[in-house]
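Positions are given from 1, in the same order as the sequence printed here.
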Amino acid sequence: MPAEVSQNESLIANCEGLMAELFAKCAGENPNFGVRENCFTDALTKTANKYLFSAECDTPVTKEELEAFFNELQVGDLFLSLACAAGNEFAWWEFDRQYRSYVERVARHLASSETDATEVIDIVYVELYGTKVVDGMRMSKFATFSGRGSLKGWLRTVVWHTLVDLHRVSHDEVSLDEMMENVGEGHVHSSFSEPVKGGEIETVEQITRNRYRQAALGAIEKAFSTLENHEKLLLLYYHVESMKLREIARMVEAPDSPLRSWFQRRSAQRAKDAESKIHESTVMRWLDKTYSKILKLFRDELGTKSGLNEEEISICMKIASDDLAAPGLYRSLGVT
């Protein structure tokens, strides 16, 4: 272990008392956020390693400098972001109270149209919830917040980057008419992925891919068929009807909604307060659980029933991601 790394770890250990004080202050102000102390101290350590113990530092960092660094961090904002990243509903309500109007205001200020602003707001919130799962962990955008600056400043940057990405994607899209006008109809037709049957293009690789594609499609359809009705409805509303998380949450809250009896939490708080609100982050967690269930059923079907090995299952998963994960696929869901 390099000497400087060992020294930095020793410094962090010497500041455990201060980190415990900062955690106690944050937890005392927001006891319902559910942030564990080790998670909080890990976040502080990560920030120190990134900004204070950098390779450009020629002189060793002192304990006093490290303590001053920790005291300058926006620990309240960091505590809130950690709770939101973990999916804590109390934290999400607090985030909405403090920052939703700000995110919407910044998006409308930076975007060129109301349509773009609305799309950016939706994308930002989905990224903040986290829709990607890596090694069983949901990847929330909040995980990148360090506490070194204010949460407002960080959110403004997130909104701006989202707007830039949206603009780049929209300009990369070229219509069929534009393609035919620029490069000719023959080139356009030759660009389509569907091979000419019986021709040389239909290689062994293409035949193999078609075989795995059929296996992937069959496994997904089988997985869909085993879902419960409320899980199918959730996927239909989100992927086919393009309903926003907020719209689904409001639907669940409606007294006459069939979703209410399926999705309502079995907790003392829900039982006492039948009109309690449901946050979008809760709907996102329901979607996460449904995706996880589909993934498990998908893998089981390919491995157990089709007899594919891990490498072949990985091929099917990539095919499913590339070719099958489109709204049209979800239209085949049957709700009884």
Side-chain angles (χ1 to χ4, degrees), residues 12 15-49 70-71 73-100 102-103 124-152 154-155 158 234 245-246 248-250 252-253 262-293:
I12 293 289
C15 289
E16 286 181 352
L18 174 59
M19 291 192 289
E21 290 177 13
L22 294 174
F23 173 78
K25 179 177 182 296
C26 294
E29 293 172 351
N30 296 287
N32 294 325
F33 282 8
V35 177
R36 298 189 303 273
E37 184 171 357
N38 67 313
C39 180
F40 180 77
T41 55
D42 285 348
L44 293 180
T45 302
K46 179 181 177 182
T47 300
N49 285 330
F70 283 151
N71 281 317
L73 293 179
Q74 305 293 323
V75 291
D77 288 350
L78 180 61
F79 195 79
L80 175 62
S81 70
L82 291 172
C84 287
N88 183 279
E89 191 167 352
F90 293 102
W92 272 106
W93 283 119
E94 183 60 23
F95 175 79
D96 273 358
R97 187 184 70 80
Q98 291 190 47
Y99 298 105
R100 180 184 281 272
Y102 176 76
V103 171
V124 166
Y125 259 77
V126 169
E127 288 187 346
L128 291 176
Y129 296 137
T131 57
K132 295 181 180 179
V133 177
V134 178
D135 295 331
M137 295 292 293
R138 184 169 53 86
M139 297 291 102
S140 166
K141 190 76 171 180
F142 274 119
T144 65
F145 178 67
S146 66
R148 194 160 181 255
S150 70
L151 191 54
K152 273 191 173 182
W154 180 81
L155 286 168
V158 170
L234 187 60
L245 298 173
R246 195 178 214 180
I248 298 174
R250 298 296 83 80
V252 176
E253 291 172 359
W262 285 325
F263 288 140
Q264 192 169 22
R265 286 185 175 178
R266 305 303 183 187
S267 66
Q269 181 184 355
R270 297 286 183 191
K272 291 178 182 178
D273 185 7
E275 298 182 356
S276 57
K277 298 291 185 179
I278 294 174
H279 196 271
E280 296 102 299
S281 61
T282 302
V283 178
M284 192 71 253
R285 288 200 301 276
W286 294 336
L287 278 167
D288 283 343
K289 290 180 180 179
T290 305
Y291 296 146
S292 297
K293 183 175 180 179

Exercise for the section: Let me see the working for Leu18 and Asn71 under side chain to side chain contact (heavy atoms under 4.5 Å, CB included), right down to the final yes or no. Expected result: CA-CA 9 Å; Leu18 174 59; Asn71 281 317; 3.7 Å; yes
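- Tyr102 carries Lys152 over the face of its six-membered ring, with the cationic atom under 6.0 Å from the centre and within 45° of the normal.
- The existence of a salt bridge linking Glu21 and Lys25 is excluded, since no basic side-chain nitrogen approaches an acidic carboxylate oxygen closer than 4.0 Å.
- Across Leu73, Leu78, Asp77, a single residue satisfies side-chain contact (heavy atoms from CB on, under 4.5 Å) together with Arg148, and that is Leu73.
- Partners of Asn30 according to the side chain to side chain donor-acceptor pair (under 3.5 Å) rule, which considers only residues two or more places apart in sequence or in another chain, do not exist here.
- Residues Val35 and Leu80 form no side-chain contact, since every pair of their non-hydrogen atoms from C-beta on lies 4.5 Å or further apart.
- For the residue pair Gln74 / Ser150, no side-chain donor-acceptor distance below 3.5 Å is found, with atom types taken as modelled.
- Rounded to the nearest 0.5 angstrom, Met19 CE and Leu44 CG are separated by 6.5 Å.
- Using a 4.5 Å heavy-atom cutoff, the side chains of Leu22 and Phe40 are in contact.
- Here NZ of Lys141 is found 11.0 Å from CG of Leu155. Values are rounded to the nearest 0.5 Å.
- A donor-acceptor contact shorter than 3.5 Å links the side chain of Thr47 to the backbone of Ser146.
- Distance OG1/Thr282 to CG/Leu245: 10.5 Å, rounded to 0.5 Å.
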Could you go through residues 90-98 and list every donor-acceptor pair under 3.5 Å that involves a side-chain atom there, pairing it with any protein atom two or more places apart or in another chain?
unit_1 : atom_1 : unit_2 : atom_2 : d
Trp92  : NE1    : Cys84  : O      : 3.1
Glu94  : OE1    : Arg97  : NE     : 3.2
Glu94  : OE2    : Arg97  : NE     : 3.3
Glu94  : OE2    : Arg97  : NH2    : 2.5
Glu94  : OE2    : Gln98  : NE2    : 2.6
Asp96  : OD1    : Arg100 : NE     : 3.4
Asp96  : OD1    : Tyr125 : OH     : 2.9
Asp96  : OD2    : Arg100 : NH2    : 3.4
Asp96  : OD2    : His279 : NE2    : 2.6

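- We find the CZ-CG distance between Phe145 and Leu82 to be 9.0 Å, quoted to the nearest 0.5 Å.
- In this view, Ala27 and Phe23, Phe79 satisfy the side chain to side chain contact (heavy atoms under 4.5 Å, CB included) rule, not counting sequence neighbours.
- Atom-to-atom distance recorded for Leu128:CG and Glu280:CD is 11.0 Å, nearest 0.5 angstrom.
- Taken to the nearest 0.5 Å, the CD atom of Glu37 stands 10.5 Å off from the CG atom of Asp42.
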